[in-house]
Every structure is written in C-alpha cells, then in structure tokens.
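The model shown is predicted, which means the values in this text are computed figures rather than measured ones.
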Number of protein chains: 2
Amino acid sequence: MELTERKKKILRAVIESYVRTAEPVGSKTVQEQADMNVSSATIRNELADLTEQGYLEQPHTSAGRVPSPKGYRLYVNELMEEQRLSLEETRQINQAMHLKMQELDKVIDQAGRMVSQLTNYPAFAVTGNARRITIRRFDLILVDGSSFIAVVMTDNSVVKNKLIRLPLPLDLSQPQIQLLTTLLNSSFSGKTLDELTPQLMRVAEHAAGNAYGLISLVVSFAMEVLEDLEHSAVYTAGTSHLLDHPEYQDVGKAQRLMSYLSQEESLARSLSLPALGDDSTKILIGPENVADELKDTSVVLASYDIGDGLKGVIGVVGPTRMDYAKVAAKLSYVADGLSKLFGQPELPPGIPEEKEDS
Amino acid sequence: MELTERKKKILRAVIESYVRTAEPVGSKTVQEQADMNVSSATIRNELADLTEQGYLEQPHTSAGRVPSPKGYRLYVNELMEEQRLSLEETRQINQAMHLKMQELDKVIDQAGRMVSQLTNYPAFAVTGNARRITIRRFDLILVDGSSFIAVVMTDNSVVKNKLIRLPLPLDLSQPQIQLLTTLLNSSFSGKTLDELTPQLMRVAEHAAGNAYGLISLVVSFAMEVLEDLEHSAVYTAGTSHLLDHPEYQDVGKAQRLMSYLSQEESLARSLSLPALGDDSTKILIGPENVADELKDTSVVLASYDIGDGLKGVIGVVGPTRMDYAKVAAKLSYVADGLSKLFGQPELPPGIPEEKEDS
DNA sequence: TTTAGCACTCGAGGAGAATGAGTGCTAAAG
DNA sequence: CTTTAGCACTCATTCTCCTCGAGTGCTAAA
C-alpha cells in the first residue's frame, strides 16, 4: 500500500523537523515547514492516517507526532536525499585524515574518534574480522650478547616485533642467531595459531640443541601476535557525546547505553551479526538492532576494505532521531578514506619539506 | 591551631559517613557512628566549631554537614588509615594484571582500564614523559624484490617496525639492503628528531647512490617513531563511571567533566604540572587542582617507573567525596605492578602449558 | 562543660490549578 | 469526495502553595 505523494511529503516534513528540534511536531508546524497550501485540519487528517499506518507515533493524545522506527525506515529508504558533504566539511575531514602513525590499529582508532567528533555521536571502529592467520616468516636481529629483536611477519603482511632480553646472559653470536632463524622458519612458518602446539615447540627446541628456551620465547611471542590479530579489536570514542542529545538527559538511560558501549565484546558481537551484507553502508533503526540495549537507538555502519579481502566496520550510535543522511555521508566518506589508505599500500610520505625559498 | 582529639574523631566520622552515603550528616548520625558517649547537643557544638574553622560546610542552614576540601585534606593527611587491600582484591588485581601483549602503550592503556573498573571512577594513564630520544640502530629485512621491513630501535630500547613497499618494483638484492643498512646506521644512529634534517637526508641519499628515496622512506618512518615516543600519550577509560555517582546526576555537570576528560591534551597538561614531586602518590582535592574544570573533583595520582629513569602517571578522577584510602591503595598497587613489569625486563612467559596428565 | 529543650529554618515532595499546544470530530463549503 | 473552519477536549508542563521533618542554634539548667 503506497503512500500518496502528499503523505510522503508530510512524513518527510515531520521527520526533518523532529530531527532538528527533538520536539513532537504538530499539524501547524508541518503546514509551515513544507509550504503546503492546505489547511492544518487537512494535515491533521493525514497525520492521523500516517499514525494509524504506523509511520508516526503520538507520545500522548495531545502532543504532536513523532516518527516511529517504521517511519524512519521509509524515510531512509525512499525519502532521504543523498547528502553531499560541503567542501568545508570534506576539507575538514581530509585534514584530520592525515594520520601520522601507520600502525593499523592506531589509524582505525583515530578514524573512530574522528567520526565521533564529526557527527557528535559515539562512534566505534572494528578492525577486520577473524580469519585464520599464519606466520609468514621470522627474523631475528642480534642486539648484543644477551638480547635480540624478534620480528614476526604474518601472511597478511602485518609485521610485529619484540625486544627479547635473555634471562641469563649467554653471549649469543651472529651464527647462532642465524641458525635459530632458519630453524624457526623451517619449523613454524605457514603455521596457524592452533598448529603451534607445545609438542611442535618441543621438537624444535630439541633440534635447536640449546635448550635455553629461546625458541619458545620467540614462538610464544608469535602466538601472541596471531592471537591478537585474529581477535578483531573494537575501539570506541566519544561516548560522552551521548549527553549532548536531549534523549539522554535521563542519566539512567545514558549510563546504560554508555556502559554497553564500553563493553567491547558485546559491541563486537552485535556488529558481526548484521554484517552489512554486501552493502558498504547500513542503517539499523531502533528495534532493527539485535541487541536489547540498542533497541531504541540507531546504528549507522560503513565498511571499509583492509587489503587482503578483509573488511572492517566503522559506525555511529545515536538516538533514533538522527540526521541519517548527514551521518551516513560522513561515515562513508571516512570509510572510503580508510579503504584508500589501506588500498594503496605505500604512498611515499616524502621528506617533510622545510620551508625553502624559491 | 591543632584540633582536639574529639574534634578529629568527629571530623573523621563525618567524612566516613558522608563518603558512604553521599548525604549530609547530622549530629545524631555522628553520635551513633562514632560511638561517642556525649549527647548530640555537644556534637552540635563541635560541629559548629569545625564548620567555623572551615573543615565542614553546610549546604543550607537546616542540613547536616558536608566535608569541605580543607576537611578532606586534613583527613587525608592525618586521619586516614592506610587501607590494606583484601586478599580477594589483590588476587583480582593480580589476575587482571596478567597482560598479554607487551606493547608498552597497550599495557598502560590496559592498566588504566583496570584501575577504572577497580575503583568505579574514570581513570587515566600517561606514558612516561618527554625526553630527547635518539635512534640507536636500523635494521632492514628484505622481504622480496619490492618490499622490505624497516626496524628502528631507539635508545630507550623501543623497537618499531614497518613494512615498506616500494612504489615501483626495483628488485632489491640482499647486498643492496646490506649497504643501505650500513649507510643508515652510520648516518643517522645517535641522532635526535631535530637532527634528522632534510639536508642530512639529502646527503645520505646522495651517498647511497640510488636516488629512489629509500633512505628517506626509512628515515621518515624513524621520525614518526621518535615523534610518537616524545609525545607522551594519554589514555582514559571508564568515563561513564561518572554517572554512577550521585554528584553527577546532573547531566550538564557530568558532560562538562567528561568532555574535559576526553581532551587528552588538557589532561596531559594538568597532570604534568602537579608532577607529584617525589612522592609516588598524590591526592589533589577539589580546588587544589589547577584546571578549572577539576575544581570540584578530586584526582588521585600514582607514578610508576618505566625503566630508564622515566616515570609515568596513572590516576583516577572523581568527586571530592571519594574513598581516598581505598582508591589510593588500589592505584598504587597497580602502579607498583607496572613498575615491576617494566623493571624486570623479561620474565620468560613460558610455553602455555597444555593440560598434560602427570 | 555538657545536656535537655525548644523554636526556627529550609529543602524536599506532593497536591492543585492554570496554561497552552495540539488533537479529533463535526458540520459546512468547495 | 475533499477540504476547511470551529470547537470541545486532553494532557504534559509549570507554577504556587502547603506540609513535613531533619537538623540546626540558642538558652537555661545540671
């Protein structure tokens, strides 16, 4: 049952006014807002219809109308105009996007913070999701007789290192290190976390001849790395922005949501489920959320490509009264930025130019 | 002008009751709480004295008394008993203290979160403060013809790495990498951030013969690393805990403080000032804080040693009504834990034992 | 110096009453 | 059949007014 054009126009007017003011909107307001040349009475009739069909709700009999989740849904699907970011806004985002450190998780954390600041809502960012990761190779760098740096590279090209100091000084030599490296690589490269069994490690230790546990030191570091990579990390930012919005003037409500948001695991769970299908952005309105705690909030998600076919998710949480168009636009702009960042692996950052004349 | 024993006892009773209940405490309550065998009238007289001397305040004429910052100060300095953590508590902390990843900033971040959870207040952690850091050495690991891993080690034994992919494939060979490494080390090791001038880089590039910018790629990575290390990072956690406490039922108040806490720079600034003198822990009560935004909150700080003579700070923010004894105890326990963690550089984590029978 | 007694203060909380935005319905007009 | 003017009605919000009671300060006696 399609809505008439006029009904749509009215619904849209209601939503846009409500999003701006957070006040229930009445027939008169609609009349003015969407310059309609019908009387308020007519609009009242239409509003009554829309309410009956479930697109609007009435907090109480003598109040104006408020969009229902169903109303927002229709709005998002059909009525909403794609929001173009202003030049000023893109400039602002681009500028913030010049992230310093290349470390993957820091970049993603930063992106989350940025989105939160940009939208005035809490935001979160999830790093690319689980997959079996394997070790590609080991390298050991001798520092001095009693310490060396272990470098582990995984098959998704993440490189981590750790400085390993030996409990007792035992005067490692370069050839020894060399040998150890070869052994490590031949025994453990290509292996997943599960495959790094204590048995395997013992065998390798044995083969290494020296039983000082060097092998296991390095391998358990590698295990930490793999473990860390396979767990997708969640970063949240700007939860305090919740308090900016009138729907969270109630401290109890705000607190419940905030503490939910700070539980990373739960967030991660509720985000892996609606997994965005193939869409690059998705809007979940109120009860469309799986998690009970989010039943009266909306979530806007955008996915970004980390190379290697993996995707991460970045998103915003807020009241259902949200400027979906704007939020979605900003979010996907940032997500695209991230994709590009990871896509073009190495743009030479260039030497920071000192001011030079001529 | 010293207070009489009785006055002290009363002050202490007032504070401890107020900390528990958040309600102004009256003469009767004091009488019961600190089993004093004087009448409430006597206590009223004493309370009046204490109020006049500024240790207590009266929200309004017909309410009980509330400790003033000066009152808390006296309490903290003289009256407060060192709180011993219960076995249960230390067990809990110790358990949480088994941090996986050794990455310095992650550990510190984690510690902050832990403290917040432990105390039910927002917490923050600051990494060891600025100092001129120099590069100790470079290592390059050849991955394939068009990419290599750059490893930078600084003089405070931090090791960072980055996978560098060349913009154009140019078939690097091991000897070339070797050469490059030597060149990097001879030109740049021992240098601080400031000394890594473009001039120096150009010279090195020139010396390298190949102008493909490899040198500058690696060096600018090193610069990022140095920059990152010299800026002390601030981590905050658990800001939403503010809402747990009745003094922040007022959303406006909560919001102001929360957004202050999420501005890392300001936090860092207000924390470097009161720099803890030599004490390992410090309590700042209400107006003793420098920052206006903290004038009616208290901050408990503890410092921890990152090796190398450097110190970091970890702390808790909350209303002046705070269980200082407990918070300080927990905080310094964690801070000590951190110090130990950094102090004994490498306790071999051991192979994760699989359940083995006998 | 302590205590009992008592008048007093003042915030918290609740009951009404006034306000007014916005509705639904009816009946007339287009 | 649709639109509109008119009007009675509803109900959250706001304000005022009042009561209640915890806790005080003061006085006078012990």
Side-chain angles (χ1 to χ4, degrees), chain A residues 3-11 13-15 17-18 20-68 71 246-247 249-251 253 321, chain B residues 3-11 13-15 17-18 20-68 71 246-247 249-251:
Chain A
L3 294 178
T4 65
E5 274 313 307
R6 191 169 69 184
K7 281 206 172 61
K8 284 186 184 171
K9 191 168 173 188
I10 290 175
L11 177 59
V14 170
I15 291 182
S17 160
Y18 184 66
R20 244 183 311 110
T21 65
E23 298 288 333
V25 337
S27 50
K28 221 164 168 179
T29 320
V30 173
Q31 190 187 20
E32 290 159 13
Q33 156 116 5
D35 43 295
M36 312 201 63
N37 27 17
V38 289
S39 78
S40 64
T42 310
I43 295 184
R44 270 204 293 287
N45 287 329
E46 298 283 53
L47 287 177
D49 287 357
L50 284 168
T51 307
E52 192 162 349
Q53 294 169 76
Y55 295 104
L56 296 176
E57 280 165 359
Q58 238 172 336
H60 52 268
T61 351
S62 76
R65 302 308 208 283
V66 158
S68 71
E247 22 274 289
Q249 286 312 88
D250 173 29
V251 178
K253 209 175 157 188
R321 178 186 68 85
Chain B
L3 294 178
T4 65
E5 274 314 307
R6 192 170 67 183
K7 281 206 173 61
K8 284 187 185 171
K9 190 168 174 189
I10 290 176
L11 177 58
V14 170
I15 291 183
S17 160
Y18 184 65
R20 245 184 311 108
T21 64
E23 299 287 332
V25 336
S27 48
K28 219 163 170 181
T29 320
V30 173
Q31 189 187 20
E32 291 158 12
Q33 156 117 7
D35 45 293
M36 313 201 64
N37 28 17
V38 289
S39 78
S40 63
T42 310
I43 296 185
R44 272 205 291 287
N45 287 330
E46 298 284 54
L47 287 177
D49 286 359
L50 285 167
T51 308
E52 191 161 350
Q53 293 170 78
Y55 295 104
L56 295 176
E57 281 166 359
Q58 239 173 336
H60 51 268
T61 350
S62 75
R65 303 306 208 283
V66 158
S68 71
E247 22 274 289
Q249 286 311 89
D250 173 29
V251 178

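- The side chain of B:Arg65 lies closest to D:dG25 when the candidates are D:dT3, D:dG25, C:dT3.
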May I have the list of side-chain donor-acceptor pairs in residues 56-63 of chain B shorter than 3.5 Å, sequence neighbours left out?
unit_1, atom_1, unit_2, atom_2, d
B:Gln58, NE2, B:Thr61, O, 3.2

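- Here A:Glu247 pairs with A:Arg321 under the salt bridge (Lys or Arg N to Asp or Glu O under 4.0 Å) rule; sequence neighbours left out.
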_For a side chain to side chain contact (heavy atoms under 4.5 Å, CB included) check, start with the C-alpha distance between A:Val30 and A:Arg65, then their side-chain angles and the critical distance, and finish with the verdict._
CA-CA 10 Å; A:Val30 173; A:Arg65 302 308 208 283; over 6 Å; no
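- Interface residues of residues 20-32 of chain A facing DNA chain D, ordered by number: none; criterion, heavy-atom separation under 4.0 Å.
- A distance of 7.0 Å separates NZ of B:Lys28 from CD of B:Glu32, quoted to the nearest 0.5 Å.
- Here the side chains of B:Leu47 and B:Val14 are in contact, with some heavy-atom distance below 4.5 Å.
- In this structure the side chain of B:Glu23 never reaches within 4.5 angstrom of the side chain of B:Thr29, judged on heavy atoms.
- Interatomic distance, OG1 of A:Thr42 versus CE of A:Met36, reported as 9.0 Å (0.5 Å rounding).
- Of the candidates D:dA12, D:dT4, C:dT3, the closest approach to any side-chain atom of B:Asn45 belongs to C:dT3.
- With sequence neighbours left out, the salt bridge (Lys or Arg N to Asp or Glu O under 4.0 Å) criterion links A:Lys7 to A:Glu46, A:Asp49.
- Of the listed nucleotides (C:dT2, C:dG24, D:dG25), D:dG25 has the atom at the smallest distance from the side chain of B:Ala48.
- Applying the salt bridge (Lys or Arg N to Asp or Glu O under 4.0 Å) criterion to A:Lys253, with sequence neighbours excluded, gives A:Asp296.
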Check nucleotides 18-21 of chain C against the protein and report each pair of N or O atoms closer than 3.5 Å, with its distance, or say if there are none.
none

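- The side chain of A:Ala41 lies closest to D:dA5 when the candidates are C:dT3, D:dA5, C:dG24.
- Here B:Ile43 contributes atom CD1 and B:Leu50 contributes atom CG; the two are 11.0 Å apart, rounded to the nearest 0.5 Å.
- Nearest nucleotide to the A:Arg6 side chain, out of C:dG24, D:dT3, D:dA12: D:dT3.
- In this structure A:Ser17 satisfies the side-chain hydrogen bond (donor to acceptor under 3.5 Å, both in side chains) test with no other residue, sequence neighbours excluded.
- In the set C:dA4, D:dT4, C:dG11, the nucleotide with an atom closest to the side chain of A:Ser39 is D:dT4.
- Rounded to the nearest 0.5 angstrom, B:Tyr55 OH and B:Ile15 CD1 are separated by 11.0 Å.
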*Under a 3.5 Å cutoff on both atom distances, Watson-Crick or G-U, what's the dot-bracket for DNA chain D ([ ] crossing, | other strand)?*
||||||||||||||||||||||||||||||
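- Scanning for side-chain contact (heavy atoms from CB on, under 4.5 Å) contacts around A:Ser40 gives A:Ser27, A:Gln31, A:Arg44, with sequence neighbours left out.
- Out of C:dT23, D:dT3, C:dT2, the shortest distance to the side chain of A:Leu47 is found at C:dT23.
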Under 3.5 Å, which protein N or O atoms sit close to an N or O of nucleotides 7-9 of chain D? Give each pair with its distance.
none

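- Here the straight-line distance linking atom NZ of A:Lys8 with atom CD of A:Glu5 works out to 5.0 Å at 0.5 Å rounding.
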With the criterion being N/O to N/O and under 3.5 Å, what pairs connect the protein with nucleotides 28-30 of chain D, and how long is each?
none

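- Taking the salt bridge (Lys or Arg N to Asp or Glu O under 4.0 Å) definition, one finds that A:Arg20 meets it with nothing, sequence neighbours left out.
- Close to C:dT23, at under 4.0 Å from its OP1 or OP2, lies no side-chain N or O of A:Thr61.
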